[in-house]
Amino acid sequence: MTNSIGEIPGAGAILIIGSNTSETHPVISYRVREAVQNGAALIVADPRVTEMAKLADYHLRLRPGTDVALLNGLMHIIIAEDLLDVDFIEKRTEGFEKLKEKVAEYTPERVSEITGVAVSDLRAAARAYAAAESAAILYTMGITQHTTGTDNVLSVANLAMLTGNMGKPSAGVNPLRGQNNVQGACDMGALPNVYTGYQKVGDPQVQEKFSKAWGVPLSDKPGLTVTKSMDAIFDGRIKGMLIMGENPILSEANANHAGEALERLEFLVVQDIFMTETAAYADVVLPAASYAEQLGSYTNTERRVQLSCPAVPPPGEARADWEILTDLAKRLGLDWSYSGSEAIFNEMASLTPSYAGMSYSRLADEKSLQWPCPDSKHPGTPYLHVGKFSRGLGQFTPVDYKPPAELPDGEYPFVLSTGRHIFHYHTGTMTRRSVPLEQHRPEEFVEIHPEDAAKLGLAEGDPAQISSRRGEVVARVTLTERVKPGHVFMTFHYHEAAANLLTNDALCPVAATPEFKVCAVNVRKAG
Amino acid sequence: MSAIKLTIDGRPVEVEPGTTILEAARKLGIDIPTFCHDPELAPNGACRICVVEVERARALVASCCAPVAPDMVVHTESERVVKARKAILRLILANHPLDCITCEKTGQCKLQDYCYRYGISESDFEGEVKELPLDDTNPFYIRDMNKCILCGRCVGRCQEINGAGAIDFIGRGFSTIVGPAFGDPIEESSCVFCGMCVDVCPVGALIPKAGVGKGRPWEVEKVKTICPYCGTGCSIYLHVKDGRIIGASPDFEGPVNRGHLCSKGRFGWDFVHSEERLTRPLIKKDGVFVEASWDEALDLVAEKVRDLLNRYGPDSLMGLSSAKTSNEDNYLFQKLMRSLGTNNVDHCARL
């Protein structure tokens, strides 16, 4: 997030696009509600009628995968009606003329045709967003899990800059990240192209710094992403894999493909807290401590670093991940020794400018710190891009609408989107082993519109077979107007009805994120 | 506007206009009892236990609602005040089960605390007593409306903060209860089981099921953790007794969540003690996992990794790190992969 969760109640307008906030980030949805109570205009762009959509002043119920067209349309109206922040554009950005040219093509009428959103709603939403003193955009995987994911995010950034909603409180572009430490994993360099703090692989100075600190030679060649590594197994480039606390068998798009890939590996080691669907493929499984059994720091979606303390001892012989990794490194001839997680944190902070001012004692005394925090006196940074972007001027990037990779046809006439519901989490490794959560929501219910269900002879709770070009699953249906006719929704929480057997592994060419939000499926009565 | 000066229990205090008497008293460290007061909700003055005496005022005033005025003189424990509070407690006790011996709330029950403070052990009011069935239709918490004192904090949190609007006051007078519309079980209501009602209930009307019979509040160590689910970063206290987690509660000073939680954070911690946890290293032999020692397992991993490095080079290895593990674990994981000579390291940020 460019801004902080605590700033949301102060926003004059909030645009939520592609985020089912009340189910995926409930506590953030409380802040949105607070903002609405304070008088903020709420605009929700979502194909489904989520709780946030019900709360919204304007629900832009766009067709799945038409986000770029929608955002270009909003910008078209803002420019045409002269609601833009000229001063901000002149002083802080470049490339405005090209953006203006591009969005000129996206007249409200054309956008309405592509997205299915009424022209009057487009106009009202654009005006409400542009009129606010500070307007915040919140988004989640609803815009990133598309083949146009990067385009969607660029469009969101264009919209925020066009209205001067960057570098000030209660504004900005705010991805709500889906995992407790997905921000931290990225910050720590668990990415193929960057070291900690986004220091680039291939930059000679960076490489020399890490090489010297770690006492090893380092490769200047960026590595493979998780999504591309599966193909690399098939073509023989990847032979062995180490997996720590991930379950790609259920989380990857086109899960059959991921399973076949793991089977082809010469060697697979998995460290985890449970025998996950992925661990079952391993040659060696190492038992790890859970979050409640070790001291460590976690970085949330607003760049806030917090310490989590050990509550109970790990079960049996399970050990903290850092201990396992240290022992393995030693056996591989690396000279590692750490007295505890604090020593690891200190080494990391010494190599990472945005974390350089943080320490366990500061995190304990001050409760939390938001990066960038470059020195020990720095109070941390609640919102970014004040006065200047990291690249200097903010770059407008004109983007064209492109349809999703796979659209419905005669054989597969429905669009399937996947996501989460409030009672389970991701692949269910943890929540499905939580007694109350599992008792409350023990099985998948595919959301289908009552009209579609009637045509297919499906009643509430009937089992249905959902199939795509890649696989099929059977799950019961729930009849709901949350989805439009022609649209079905499933979660990926349940291995018994694994939605990712169906999803399309077509990737966003830049971010390599699969198109989980749109694939073509068929639905029919099962049994 | 300038600050307002007043006197509470003989001590001068200066506060901003619009401050309530309760807030001004708390600034001085004076403990005025409250049931219904919730700093995050609009004051509703329902319980009256916070009444104080203001000189020259006709009646006692509810300090949670009354704003301060210049030169006000307030007495928080005067004879009149104490008499009124005792009467309120007796009225509540007339219709409140006295099963404190087994009540899960004992030790952190405000009704119990205030009865102790004012020496009330029974009620001299005799009348009808509620006999309502328990609602334990859901797997998260028990609703015992016989113990409810109708303070309304649960209703306020459900409607104003969560927005689920699952519960409200139903009925009038003595027969008033808090519950879902039409008296439905909570399981069939719009409740999303965030548990925020449970965390603010001053009495034993809302009790988390997981901890029933497992330990008293004073036996529990509260350990601060960060929620393991989404990326919001709520801070949560895990309640630990004898090496086991028996409950959880939100950190009311949490920089992100300010005492708020959702169903997963509030109730979804018990996977930690699942019987299915991995407890020993496993090595697959002829397609079957066999338990092994750490030395055996790690030696085998090191041997296989070295073998692949020798035969195919470092880029034949791929490491998947984790968005669930700590910064320290992630840092070491990428350091390990990179130290072996490859940048093939990623995690599930895209999934």
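Each chain gets a letter, A, B and so on, in the order its sequence line appears, and its residues count up from 1.
Residue-level contacts of residues 302-311 of chain B with chain A, in order of numbering, are A302(B), K304(B), V305(B), R306(B), L308(B), R311(B); threshold 4.5 Å between heavy atoms.
Heavy atoms of Y195(A) lying under 4.5 Å from chain B belong to its backbone as well as its side chain. Proximity to chain B (any heavy atom under 4.5 Å) is restricted, for V269(A), to the side chain, taken from C-beta onward. Both the backbone and the side chain of L332(A) come within less than 4.5 Å of a heavy atom in chain B. There is no contact between I233(A) and chain B, counting heavy-atom distances below 4.5 Å. D299(B) touches chain A through backbone and side chain together, each having a heavy atom under 4.5 Å away. Heavy atoms closer than 4.5 Å to chain B are found in the backbone of N193(A), but not in its side chain. With a 4.5 angstrom heavy-atom cutoff, I422(A) touches chain B via backbone and side-chain atoms both. Heavy-atom distances place the side chain of V201(A), and not its backbone, under 4.5 Å from chain B. For a residue to count as touching a neighbouring chain, one of its non-hydrogen atoms must lie under 4.5 Å from one of that chain's; by this rule P217(A) touches chain B with the backbone only. A512(A) touches chain B through backbone and side chain together, each having a heavy atom under 4.5 Å away. If you measure heavy-atom distances from V216(A) to chain B, the contacts under 4.5 Å come from the side chain alone. Residue A343(A): no heavy atom, backbone or side chain, is found under 4.5 Å from chain B. Using a 4.5 Å cut-off between heavy atoms, P310(A) touches chain B through its backbone atoms (N, CA, C, O) alone. When heavy atoms are compared at a cutoff of 4.5 Å, P315(A) approaches chain B by way of both its backbone and its side chain. Heavy-atom distances place both the backbone and the side chain of R319(A) under 4.5 Å from chain B.
At least one donor-acceptor pair under 3.5 Å links the side chain of N343(B) to the backbone N or O of K221(A). Side-chain atoms of S326(B) never come within 3.5 Å of backbone atoms of G296(A) as a donor-acceptor pair (strictly under, hydrogens ignored). Side chain of Q306(A) to main chain of S235(B): no donor-acceptor pair is present (N/O by atom type, distance under 3.5 Å, no hydrogens or angles). A donor-acceptor pair under 3.5 Å links the side-chain atoms of K284(B) to the main chain of A280(A), judged by distance alone. Panel note: side chain Y298(A), backbone T325(B); no donor-acceptor pair is recorded below 3.5 Å.
Ring geometry, F193(B) versus F423(A): the interplanar angle falls from 30° to 60°, so the pair is classed tilted.
Note that OG1 of T278(A) and CG of L320(B) are 9.0 Å apart. Values are rounded to the nearest 0.5 Å. Distance CH2/W322(A) to CD/E328(B): 10.0 Å, rounded to 0.5 Å. Distance check: M318(B) CE to L242(A) CG gives 10.5 Å after rounding to the nearest 0.5 Å.
At a threshold of 4.0 Å, the pair D295(B)-R331(A) counts as salt-bridged, since one of the basic side-chain nitrogens sits closer than that to a carboxylate oxygen. Taking a cutoff of 4.0 Å between a charged side-chain nitrogen and a carboxylate oxygen, E23(A) and K264(B) do not qualify as a salt bridge. A salt bridge is defined here as a Lys NZ or Arg NE, NH1 or NH2 lying under 4.0 Å from an Asp or Glu carboxylate O, and E253(B) with K367(A) fails to meet this definition. The pair D315(B)-R237(A) does not count as a salt bridge, with every side-chain nitrogen at least 4.0 angstrom from each carboxylate oxygen. Salt bridge annotation for E34(A)-R258(B): present, with a cationic side-chain nitrogen under 4.0 angstrom from a carboxylate oxygen.
Side chains of D346(B) and T225(A): no donor on one and acceptor on the other come within 3.5 Å. E266(A) and Y312(B) share a side-chain donor-acceptor pair at under 3.5 Å. Side-chain atoms of N181(A) and N327(B) form a donor-acceptor pair, as typed in the model, at a separation below 3.5 Å. No hydrogens or angles considered: a donor-acceptor pair under 3.5 Å links the side chains of N180(A) and K324(B).
When the ring pair (Phe, Tyr, Trp, His ring centres under 6.0 Å) test is applied to Y281(A), no partner is found at least two apart in sequence or on another chain. Taking the salt bridge (charged side-chain N to carboxylate O under 4.0 Å, His left out) definition, one finds that E342(A) meets it with nothing, sequence neighbours left out.
Contacts with chain B were tallied for C186(A), P313(A), G6(A); C186(A) has the most, counting heavy-atom pairs under 4.5 Å. Ranking T429(A), N500(A), D283(A), L218(A) against chain B, the residue ahead of the rest is D283(A), based on heavy-atom pairs under 4.5 Å.
Counting only residues at least two apart or on different chains, the ring-ring contact (aromatic ring centres under 6.0 Å, His included) pairs with a member in residues 267-309 of chain B are F140(B)-F267(B).
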